Amino acid sequence: RRLGLQQYLHRVALHPVLAQSKPLQVFFEGNPDSMRVPEEKKGFFSGLMKDLTPRSSAASDPELDSARLQLRELEAQLAEVHKFMERLIRRRKDLGGSLAEFGLTLITMGNHEQQAGDGEAASTSKSF
């Protein structure tokens, strides 16, 4: 995960518009306590970071755009799966309730038949 994060931050830092961003400079080089821009710090980003000046409206990352689109599609699919699972759970609960009721009915019917059978057996044994 750390390597992936490092690679992502490196790509962000090399982006033509973001490389000129003052907030990004503060993020990378700033003091964590105050998050202020350091004074004349020599480092990797010292020459890259300046005020945000968009170069063109077409300066978008196609890889990022395709990842956003794919993420939106996955979110839509996940929402559909969520709806399906809610319906499935509801149906399973209904089925469980119906099976419990059916089981109680079978128990009641079995008890009734046993009592009726005991009564018939008693009357039959008296006749012999």
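The analysis underlying the following values was restricted to heavy atoms, covering all of them including side chains, and did not include hydrogens, waters or symmetry mates. For reference, positions follow the sequence shown, starting with 1. Everything quoted here is computed from the prediction, not taken from an experiment.
Here L106 pairs with F102, M109 under the side-chain contact (heavy atoms from CB on, under 4.5 Å) rule; sequence neighbours left out. By the salt bridge (charged side-chain N to carboxylate O under 4.0 Å, His left out) test, R68 pairs with D65, sequence neighbours left out. Among residues two or more places apart in sequence or in another chain, the side-chain contact (heavy atoms from CB on, under 4.5 Å) test is passed with Q6 by R2, L3. Remark: D94 pairs with no residue by the salt bridge (charged side-chain N to carboxylate O under 4.0 Å, His left out) rule, at least two apart or across chains.
Residue L95 belongs to a hydrophobic cluster whose other members are L99, with links defined by side-chain heavy atoms closer than 4.5 Å.
Scanning all heavy atoms of the two residues, the minimum distance from R11 to D61 falls at NH2-OD2, 3.5 Å.
Among pairs with a residue in residues 97-116, none fulfils side chain to side chain donor-acceptor pair (under 3.5 Å), at least two apart in sequence or across chains.
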Show me the donor-acceptor pairs, under 3.5 Å and distance only, between side chains in residues 69-85 and residues at least two apart or in other chains.
residue	atom	partner	partner atom	Å
H82	NE2	E86	OE2	3.0

